Protein chains: 2
Amino acid sequence: MVPKNRNNVPTPVDFTLISKALVIISGKWRLTIILLIGEDTFRFRQFREQLPSMSEKMLAGELKALVALDVLTRTVYAEVPPRVEYSLTKKGRLALPILRQLQQVGHLFN
Amino acid sequence: MVPKNRNNVPTPVDFTLISKALVIISGKWRLTIILLIGEDTFRFRQFREQLPSMSEKMLAGELKALVALDVLTRTVYAEVPPRVEYSLTKKGRLALPILRQLQQVGHLFN
DNA sequence: CAGCATCCCGGAGGATACTG
DNA sequence: CAGTATCCTCCGGGATGCTG
């Protein structure tokens with residue numbers, strides 16, 4: 001229940017926090033990437049296999065963005081052929097339970 | 001924690017549910033509208049006052065979409081001048097706690 | 001008061017080919 | 001293997017004006 005003041009003005013919603021949250025999950029793919037990786041570690045190729053309908057460009061761009069947002073970590077192994085692994089950062093893991101609940105919202109509106 | 005099978009394949013993420021959830025909160029305004037209205041009842045004009053940076057067209061369009069999605073109810077009063085009131089549907093109210101938590105996600109990535 | 005109609009632009013998102 | 005580079009399409013979102 002949202003508390004109201006005596007003038008019946010709704011409790012202020014923090015638009016800043018909303019927009020920050022929307023940045024994390026915005027677009028067609030970010031939330032999917034986050035939920036897909038979960039507690040695991042993924043290579044570029046594994047994402048491609050799991051999300052075949054997502055283009056390489058989109059995948060590369062979204063991964064880069066999520067790294068910049070400190071949602072994902074990117075680990076490069078000095079091997080030949082190169083190996084790059086992605087996993088959630090601490091912040092990402094903290095957000096995971098909430099983001100998983102969004103699937104319940106999807107279920108609600110079936 | 002996500003359970004895995006013995007082949008280390010991650011538990012399937014339900015892409016259908018994700019996309020349905022994303023429809024509900026997609027765009028720059030839907031989540032904001034939902035959180036703003038909360039348990040209250042809003043008139044068109046009140047939205048405009050609370051969200052002055054949102055154009056009328058966007059507001060009208062998003063309200064209509066949210067009504068079609070069964071997130072909002074629209075009640076028209078046969079008065080002159082016309083009065084139209086919006087509030088969350090039962091489903092909308094059920095989703096509200098989860099959607100509110102998204103602000104915590106925004107807070108995490110400050 | 002509470003919208004809809006019309007026009008427009010920028011950027012999200014896609015297809016394909018190439019590279020360290 | 002893990003990405004860039006380039007090009008292109010489409011539509012979200014804004015501005016403005018009109019209407020029941």
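A note on names: the letters A, B, ... follow the listed sequences, proteins ahead of strands, and every chain is numbered from 1. Source: prediction; values computed, not measured.
Rounded to a whole Å, the CZ atom of B:Phe42 is 16 Å from the C1' atom of C:dA2. Atom CG of B:Leu59 is separated from atom P of D:dA15 by 14 Å (rounded to the nearest Å). As rounded to whole Å, 11 Å separates atom C1' of C:dC9 from atom NZ of B:Lys57. A straight line from CZ of A:Arg43 to C1' of D:dC1 spans 7 Å, rounded to a whole angstrom. In this structure, CD of B:Glu49 is placed 10 Å from P of C:dC1, rounded to the nearest angstrom. The distance from atom CE of B:Met58 to atom C1' of D:dA15 is 13 Å, rounded to the nearest whole Å. Between the P atom of D:dG17 and the CD atom of B:Glu56 lies a distance of 13 Å, rounded to the nearest Å. For the pair A:Arg48 CZ and D:dG3 P, the computed distance is 12 Å after rounding to whole Å.
Listed nucleotides: D:dG13, D:dC1, C:dG14. Nearest to the side chain of B:Lys28: D:dG13. Which of C:dG3, D:dG3, D:dT4 sits closest to the side chain of A:Tyr86 comes down to D:dG3. Here the nucleotide nearest the side chain of B:Arg74, chosen from C:dC1, C:dG3, D:dT4, is C:dG3. Closest to the side chain of A:Arg45, out of D:dG3, D:dC1, C:dG3, is D:dC1.
Residue A:Phe47 is classed as having no contact, given no heavy-atom separation below 4.0 Å to the nucleic acid. Contact annotation for B:Tyr77: no contact, since no heavy-atom pair falls under 4.0 Å across all strands.
With contacts defined as side-chain heavy-atom distances shorter than 4.5 Å, the pair B:Leu102/B:Leu99 qualifies. Residues A:Gln104 and A:Leu108 are not in side-chain contact: their nearest non-hydrogen atoms beyond the backbone lie 4.5 Å or more apart.
To the nearest 0.5 Å, the span separating CG on A:Leu59 from CZ on A:Arg45 amounts to 12.5 Å.
In this structure, B:Thr89 contributes its side chain and B:Asp70 its backbone to a donor-acceptor pair below 3.5 Å.
For B:Arg83, no side-chain nitrogen or oxygen approaches OP1 or OP2 of C:dC1 to under 4.0 Å.
A donor-acceptor contact under 3.5 angstrom links the side chains of A:Thr73 and A:Ser87, judged on distance only.
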